[in-house]
Number of protein chains: 2
Amino acid sequence: MNIEPTDTFLLDEFLPYQLCVAANQVSRSFAERFRRDFGISIAEWRVLAHLSRAVAVSVREIHACVDMDKSKISRAAARLEQAGYVTKRENPGDRRLVELELTATGRALVAELLPVALQFQRDLLRRLGAKGPAVREAMRSMIREAPGAG
Amino acid sequence: MNIEPTDTFLLDEFLPYQLCVAANQVSRSFAERFRRDFGISIAEWRVLAHLSRAVAVSVREIHACVDMDKSKISRAAARLEQAGYVTKRENPGDRRLVELELTATGRALVAELLPVALQFQRDLLRRLGAKGPAVREAMRSMIREAPGAG
DNA sequence: ACGCACTCGTTGCAGCCGCAACAAGGTTGC
DNA sequence: GCAACCTTGTTGCGGCTGCAACGAGTGCGT
């Protein structure tokens, strides 16, 4: 109802900017950690994280779940295959599909990754304090519907 | 104290991922809007937003305030100059510095941009509801100190 | 069986980004 | 005054990304 005095605009107080900077910083330190300790990128981490839940998954399913471009997933999967962490096999029932599956090495890597990722999240939540759950809920509500779609 | 049952890892519940997706979606719709209506990118918008507060500003000062790489600012400024929104003049006192300044057209553009940006933020805050202030505070606390620095 | 529309994964391409090197300018110590 | 060092902004470069086009494969209607 009130009209804010916006004669001076402060970018630091602009929520989309704050959100972008926060996400970039978190993403950067997370990526640096995973790159240094495990030699994988965020895209590869996401693919591995999704594969940890299922036996054989197609690129399409990951694309439907993980908010990454098809091509990004495809290239990440190619790198993971070359590194020996996943295998790619064509689905005999539908030969368009590619079944991605973790190798034994891949499962061992995931077993190392998950605790590190969870610890990272815990550190993040600790710094958020009591606001943690509200932030998570807020992220979800922002993700659901696109802001500019209306 | 409690050990969480982490036998299944859900990427959707992973806060760094949620943060990244939310920021990307917000950023994307914001960028699309500004690109379509005004023909400028987010980098250019940030430079304009900073220039709206000062008369003549160097690349260095923007770099110190706005969390963008020097080169990104430089290129954004070059595009803005070519579009006629800012002027670049070398500082007579220190000829390394470049004084960026809004033209009349640039000021008019900013006067159009700011209400749109503020309305965008209002829409975002409305969808966050009561959690809005907590989210803003949370973003700030994430920005201050790097998460992986400890 | 065949044509047509659709789906899936890969690849080419253009654009953006961060990093580092660089040139030009300034500052300090002697 | 000058040499070594720092600062500022630009540019080249390698890598990544999103988009669109593409080839291969599938399902459907007839």
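The chains referred to below are lettered A, B, ... by the order of the sequence lines, with proteins before strands, and numbering in each begins at 1.
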field: Distance in angstrom units between A:Lys72 NZ and D:dG15 P, rounded
entry: 17 Å
query: Using a heavy-atom distance cut-off of less than 4.0 Å, which residues of residues 15-22 of chain A contact DNA chain D?
result: none
query: Atom CZ of A:Arg79 and atom P of C:dT11: how far apart are they, to the nearest Å?
result: 13 Å
- request: Take the protein atom CZ of B:Arg35 and the nucleotide atom P of D:dC19, then report the distance between them rounded to whole Å.
  value: 13 Å
query: To the nearest angstrom, how far is A:Glu81 atom CD from C:dT10 atom C1'?
result: 13 Å
query: Would you call B:Arg35-B:Glu32 a salt bridge at under 4.0 Å N-O?
result: no
query: Over how many whole Å does the gap from B:Met68 atom CE to C:dG18 atom P extend?
result: 8 Å
- request: For B:Ser58, answer base if it contacts any base atom (sugar-phosphate contacts may also be present), sugar-phosphate if it contacts only those atoms, and nothing otherwise; contact means non-hydrogen atoms under 4.0 Å.
  value: sugar-phosphate
query: Given the side-chain rings of B:Phe120 and B:Trp45, with only the six-membered ring counted for Trp, is the space between their centroids under 6.0 Å?
result: no
query: Between B:Lys88 (NZ) and D:dG9 (P), how many Å, whole number?
result: 10 Å
query: Hey, is the main chain of B:Leu97 close enough, under 3.5 Å, to the side chain of B:Glu90 for a donor-acceptor pair?
result: no
task: Working to the nearest 0.5 Å, report the span between CD1 of A:Ile73 and CD1 of A:Ile62.
output: 6.0 Å
message: Whole angstroms only, please: what is the CG-P distance between A:Asp67 and D:dG18?
response: 9 Å
query: Is A:Leu10 reachable from B:Ile143 through a run of I, L, V, M, F, W or Y residues, each pair having side-chain heavy atoms under 4.5 Å apart?
result: no
Pairs under 3.5 Å (N/O, protein and nucleotides 19-26 of chain C):
from	atom 1	to	atom 2	distance (Å)
C:dC19	N4	B:Ser71	OG	3.2
C:dG25	OP1	B:Arg95	NH2	3.0
C:dG25	N2	B:Arg96	NH1	2.9
C:dG26	OP1	B:Arg95	N	2.8

task: Taking all non-hydrogen atoms of both residues into account, name the closest pair between A:Ala23 and B:Ala23 and its distance.
output: CB-CB, 3.5 Å
Atom-pair distance (CD1 on B:Ile73; P on D:dT11), nearest Å: 15 Å
query: For A:Ala22, does its backbone N or O pair with a side-chain atom of A:Gln25 as donor and acceptor, under 3.5 Å?
result: no
Can you give each donor-acceptor pair under 3.5 Å made by side-chain atoms of residues 99-111 of chain A, sequence neighbours left out, with the distance rounded to 0.1 Å?
from	atom 1	to	atom 2	distance (Å)
A:Glu99	OE1	A:Arg89	NH2	3.2
A:Glu99	OE2	A:Asn91	ND2	3.4
A:Glu101	OE1	A:Arg89	NH2	3.2
A:Thr103	OG1	A:Gly84	O	2.8
A:Thr103	OG1	A:Tyr85	O	3.2
A:Thr103	OG1	A:Thr105	N	3.4
A:Thr103	OG1	A:Gly106	N	3.0
A:Arg107	NH1	A:Leu102	O	3.4

field: Side-chain donor or acceptor of A:Arg136 paired with backbone N/O of B:Glu13 under 3.5 Å
entry: yes
